[in-house]
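Let me begin by presenting the structure, written as structure tokens, before commenting on it.
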Amino acid sequence: DDAERYDQPALTDYLNRFLAYLHQNDTYGFRLRDDQPFDICRKAAVMNKMERFEIQVSPFSVWCKNENRREFTDVVFDTSDKKHPTTTLNLFGGYKAKMLDRKVEAAEVEVFLYHLRDVICRGHEENYHYYLRWWAWFFQKGRTGIMVILLSEAKGTGKNIILELLAEHVIGDEYVAVTDKIDTVVRRFNAVMVEKALIVANELKDISKSGKESSRVEEVIKTLVKDRTTAIEKKGVDPLIVPSTANFHATSQYQVPLKIDRDQRRFVLFDVSSHKKGDHQYFENLAEFVKDHANEIFTYLNQNDLTGW
């Protein structure tokens, strides 16, 4: 048939840059450019995406029948520097900020550190060093297994801005999911969690005083933070069990956004200072600094000593 006539090694090698077969759940990886991460799709979805390439024969059909097509037995999203076998597809393509080949001193990123220390942590040194190391672990090791919740009854205190700036300039927006509705994370079709290093739940409600549905959401949040694997479900694709690598962060204007036992170590709450509320120049300067010093911030956090954390 036509596919056999066009079954040439050169074509298959070319398509391997954009296609991959995933044994784990009989799906395919597809991307439009070879510098992008793969998107997980069913066969029909890939064929639809490739219609623009149709000439006399389906390139996808040619590629599917070739024994040299690219294949992976496992799929992970791992932000750490761990080395994986060549048969494992890592969906993480790297952070937006890049490591500098020199030592970065704290004084170089003091504007950023000031916000963590004096605004987020109210100048409390122990809390500040904990939060700083949370971010250091995030970039050096990946999953922390600890959800940070920033509390402030007032708006405009700066509890959200640092997450937005890190997402845009250091992490990369494509690896961060920000939601004002926690249901988008805990519902059945949770594709929002695919290929995400950080999931931010903005303005958690006071679910400790709500009904059964809120209690269910609360339990799912605790499970997501704790469990080492997660089932990713997209419509039309069988559930894919993958290592849980996402870190969770949240903000809330309520003092009791979750029922947290005293011995619960999976959640850390910081009461954000409001002393910078309304200081528009401060926040403009902070935004400009993070944008211009993203690589320095990234390098500093990667060089931070995690001994004992």
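- Pairs passing the side chain to side chain donor-acceptor pair (under 3.5 Å) check and including a residue from residues 287-307, sequence neighbours excluded, read Asp305-Thr307.
- The heavy-atom pair separating Tyr175 from Pro37 by the smallest distance is OH-CG, 3.6 Å.
- Among Val111, Val290, Leu113, the one residue that satisfies the side chain to side chain contact (heavy atoms under 4.5 Å, CB included) test with Ile297 is Val290.
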- Full working for side-chain contact (heavy atoms from CB on, under 4.5 Å) between Ser80 and Lys141: CA-CA 5 Å; Ser80 73; Lys141 307 289 186 180; 5.8 Å; no
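- Within the 4.5 Å cutoff, side-chain heavy atoms of Tyr282 are placed close to those of Tyr114.
- In this structure, the side chains of Tyr130 and Glu125 stay at 4.5 Å or more apart for every pair of heavy atoms.
- The ring pair (Phe, Tyr, Trp, His ring centres under 6.0 Å) check on Tyr21 picks up His23, Tyr28, with sequence neighbours excluded.
- Separation of the His129 and Trp134 ring centroids does not fall under the 6.0 Å cut-off.
- For Tyr95 against Ala197, the heavy-atom pair with the smallest separation is OH-CB, 4.3 Å.
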- Message: Test salt bridge (charged side-chain N to carboxylate O under 4.0 Å, His left out) on Glu108 and Arg102; report intermediate values, then the result.
- Response: CA-CA 12 Å; Glu108 297 181 61; Arg102 63 177 180 84; 3.0 Å; yes
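- With values rounded to the nearest 0.5 angstrom, Ile120 atom CD1 is found 9.0 Å from Phe270 atom CZ.
- Taking the six-membered ring for Trp and thresholds of 30 and 60 degrees, Phe139 and Phe298 have ring planes more than 60 degrees apart, a perpendicular arrangement.
- For the atom pair Phe77 CZ and Leu91 CG, the distance stands at 7.5 Å (nearest 0.5 Å).
- Within the 4.5 Å cutoff, the side chain of Leu132 has heavy atoms near those of the Leu301 side chain.
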- Message: The test is salt bridge (charged side-chain N to carboxylate O under 4.0 Å, His left out); show your working for Arg69 and Glu71 and say whether it passes.
- Response: CA-CA 6 Å; Arg69 69 179 182 178; Glu71 298 186 1; 2.7 Å; yes
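- A donor and an acceptor atom, one from each side chain of Gln281 and Asn285, are located under 3.5 Å apart.
- Inter-residue side-chain proximity for Val119 and His275 is flagged as met; some heavy-atom pair is nearer than 4.5 Å.
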- Item | Worked verdict on Thr144 versus Asn247 for side-chain hydrogen bond (donor to acceptor under 3.5 Å, both in side chains) | CA-CA 6 Å; Thr144 65; Asn247 284 282; 2.8 Å; yes
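- Asp74 meets the salt bridge (charged side-chain N to carboxylate O under 4.0 Å, His left out) test with no other residue; sequence neighbours excluded.
- A centroid separation of 6.0 Å or more is found between the aromatic rings of Phe112 and Phe289.
- Between Val75 and Thr88 the shortest side-chain heavy-atom distance does not fall below 4.5 Å.
- Taking CG from Asp13 and CH2 from Trp63, the interatomic distance works out to 12.5 Å, rounded to the nearest 0.5 Å.
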